[in-house]
Amino acid sequence: TNEWLRIGSTFHSLHAIASEASPVKSFGSVDAAGIDVIEGEGIVLCCFQTRTGIKFVLTAEPGTMHLHQVLREIYVAYTDCALKDPFYELDMPIRCELFTQAINDIMDRYDR
């Protein structure tokens, strides 16, 4: 929806500003640059940025455990399913049934 696109766009901008404004520069590690987690009243946004610059952002309720592990598993599903789909185009929404099923399986495992 447009609301999620707006949240993603805002987070991307804040992440880029934070990585440029950080007084500590981390050479060779993408993970340490920018914003890792934003916690607010009633929501947590957690980010995992790959070495190629793709950002995965997960929204959850405060107190949710293992967010970074979930993001890493989502990345693995992305590389295994979406990137191997010959019809997937970078920077486009992922419309791959295998990826959707993998995400559902990940969420089911961690939702318990």
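All residue numbers in this chain count up from 1 along the given sequence.
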Side chains of residues 59-69: which donor-acceptor pairs under 3.5 Å do they make with residues two or more places apart or in other chains?
from, atom 1, to, atom 2, distance (Å)
Thr64, OG1, Glu61, N, 3.4
Thr64, OG1, Glu61, O, 2.5
His68, NE2, Asp36, OD2, 3.3
Gln69, NE2, Glu73, OE2, 3.4

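- Checking side-chain atoms of Thr10 against main-chain N and O of Arg6 turns up a donor-acceptor pair under 3.5 Å.
- For Leu83, the side chain to side chain contact (heavy atoms under 4.5 Å, CB included) test picks out Tyr78, Thr79, Tyr88, Leu90, with sequence neighbours left out.
- Under the 4.5 Å side-chain heavy-atom criterion for ILVMFWY residues, no single connected hydrophobic cluster contains both Ile17 and Val37.
- Atom-to-atom distance recorded for Leu5:CG and Glu3:CD is 10.5 Å, nearest 0.5 angstrom.
- With sequence neighbours excluded, the residues that form a side chain to side chain contact (heavy atoms under 4.5 Å, CB included) with Ile38 are Phe11, Leu14, Ile35, Leu45.
- No path of Ile, Leu, Val, Met, Phe, Trp and Tyr side chains, each step under 4.5 Å between heavy atoms, connects Ile94 with Leu98, placing them in separate hydrophobic clusters.
- Residue pairs satisfying the salt bridge (charged side-chain N to carboxylate O under 4.0 Å, His left out) criterion with at least one member in residues 76-94, sequence neighbours excluded, are listed as follows: Asp80-Lys84.
- The side chain to side chain donor-acceptor pair (under 3.5 Å) pairs that include a residue from residues 92-107 are Gln101-Asp105, where partners are two or more places apart or lie in different chains.
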> Passes side chain to side chain contact (heavy atoms under 4.5 Å, CB included), Val70 versus Arg109? Steps please.
Replying inline: CA-CA 10 Å; Val70 172; Arg109 271 199 329 272; over 6 Å; no
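- Taking CD1 of Ile103 as the start and SG of Cys81 as the end, the distance is 8.0 Å to the nearest 0.5 Å.
- No chain of hydrophobic side-chain contacts below 4.5 Å, direct or via other Ile, Leu, Val, Met, Phe, Trp or Tyr residues, connects Ile74 to Val76.
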